[in-house]
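Everything on this sheet refers to the single structure shown next.
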Amino acid sequence: MNILHIDASASDSATSHTRRLSSELVARLAAANPDATIVYRDLVANPLPHVDMTIRDAWTGEDFNGTKSAETKSRSKALVEELKAADVVVIGSPMYNFTVPSTLKAWVDHVAIAGQTFSYTAEGPHGLLGGKVYLVLSSGGIYSRGPFAAYDHLSTYLTAILNFLGIQDVEVIQAEGIAYGPEQDQAAMASAAKRIQAVAA
Ligand SMILES: Cc1cc2nc3c(=O)[nH]c(=O)nc-3n(C[C@H](O)[C@H](O)[C@H](O)COP(=O)(O)O)c2cc1C
C-alpha cells in the first residue's frame with residue numbers, strides 16, 4: 001500500500017487539530033499495513049507556487065517542449081506521479097474562510113491536469129485516477145448540519161474535485177465546532193479520533 005499524506009494547516013503539529021488527526025490516521029493505516037510506504041507532503045512547510053500561465057504552456061501550450069516552463073512542468077509532473085502512485089491519500093485540511101487553505105488549492109491546481117489526471121471525451125470529462133481518499137477536516141463552526149450547512153465549501157469542494165479526477169471513494173472525517181468552547185473542541189476531537197480508529201481497523 002502506498003500512502004500519500006498531505007497536511008495544509010498553518011498551525012504546527014503541537015496545536016493543529018488536522019495535523020494531529022491526519023497523522024493518527026496515517027499511523028493506524030501503516031500499523032495495519034506493515035509494508036506500506038508513506039510519502040509526506042507538508043504544503044505549509046514547503047508551499048507550492050500559485051499557478052501562472054507557465055503551467056498552461058507547460059502542459060498544453062506553445063512551450064510544451066520548451067525550457068520556459070520546464071520547472072513548472074517537472075514540479076507538476078512529480079506531484080501528479082506522486083498522486084497516481086498512491087493507493088490511499090490522507091488530506092488534513094482546516095477550513096479557511098469556508099473553503100480550503102490556498103496552499104491546498106495550489107496543490108489541486110498543480111495536479112488537476114487535462115490528459116494526466118482527467119480527460120475530455122465526447123461524453124464529457126472523465127477522471128483518470130482511482131484509489132481512496134480520507135479527508136481529515138476541522139472548522140471553528142459547524143457545517144455538517146444547521147444554518148451554516150450551505151457555507152461548507154471545504155468538504156463539498158474537495159469531494160467534487162477528487163470525484164472529477166476519478167476518485168469516487170472519498171471519506172470525510174471531521175472535527176467541527178472547535179471554536180464553540182473547550183468542551184465542544186474535546187468532543188469533536190474525540191468523535192473524529194473514534195472514526196479514525198473505526199476506519200483504520
Ligand atoms: C485564516 C483562518 C480562516 C478560518 N476560517 C474559518 C471559517 O471560515 N469557518 C470556520 O468555521 N472556521 C474557520 N477558521 C477556524 C479553523 O477552521 C479551525 O480553527 C480549525 O480547527 C483549524 O484546523 P487546524 O487546527 O488543523 O489548523 C479559520 C481559521 C483561520 C486561521
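Quick note: residue numbers are just sequence positions, from 1. Whatever order the structure lists ligands and atoms in, that order sets their numbers, starting from 1.
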Scan side-chain atoms only and decide if Q174 and S144 contain a donor-acceptor pair under the 3.5 Å cut-off.
no
Only counting residues at least two apart or in another chain, list the ones meeting side-chain contact (heavy atoms from CB on, under 4.5 Å) with F98.
M95, Y143, Y151, H153
Name the one of L21, V88, I91 that satisfies side-chain contact (heavy atoms from CB on, under 4.5 Å) with Y134?
V88
Set of side chain to side chain donor-acceptor pair (under 3.5 Å) partners for R19, sequence neighbours left out:
Y40, D42
Residues at least two apart in sequence or cross-chain that pass side chain to side chain donor-acceptor pair (under 3.5 Å) with N2, listed by chain then number, are T37
Is it the case that more than 12 heavy atoms not belonging to K132 sit under 6.0 Å from its NZ atom?
yes
Shell of residues surrounding ligand 1, defined by a 4.0 angstrom heavy-atom cut-off that is strict
S9, S11, S16, H17, T18, P94, M95, Y96, N97, F98, S138, S139, G140, G141, Y143, I178
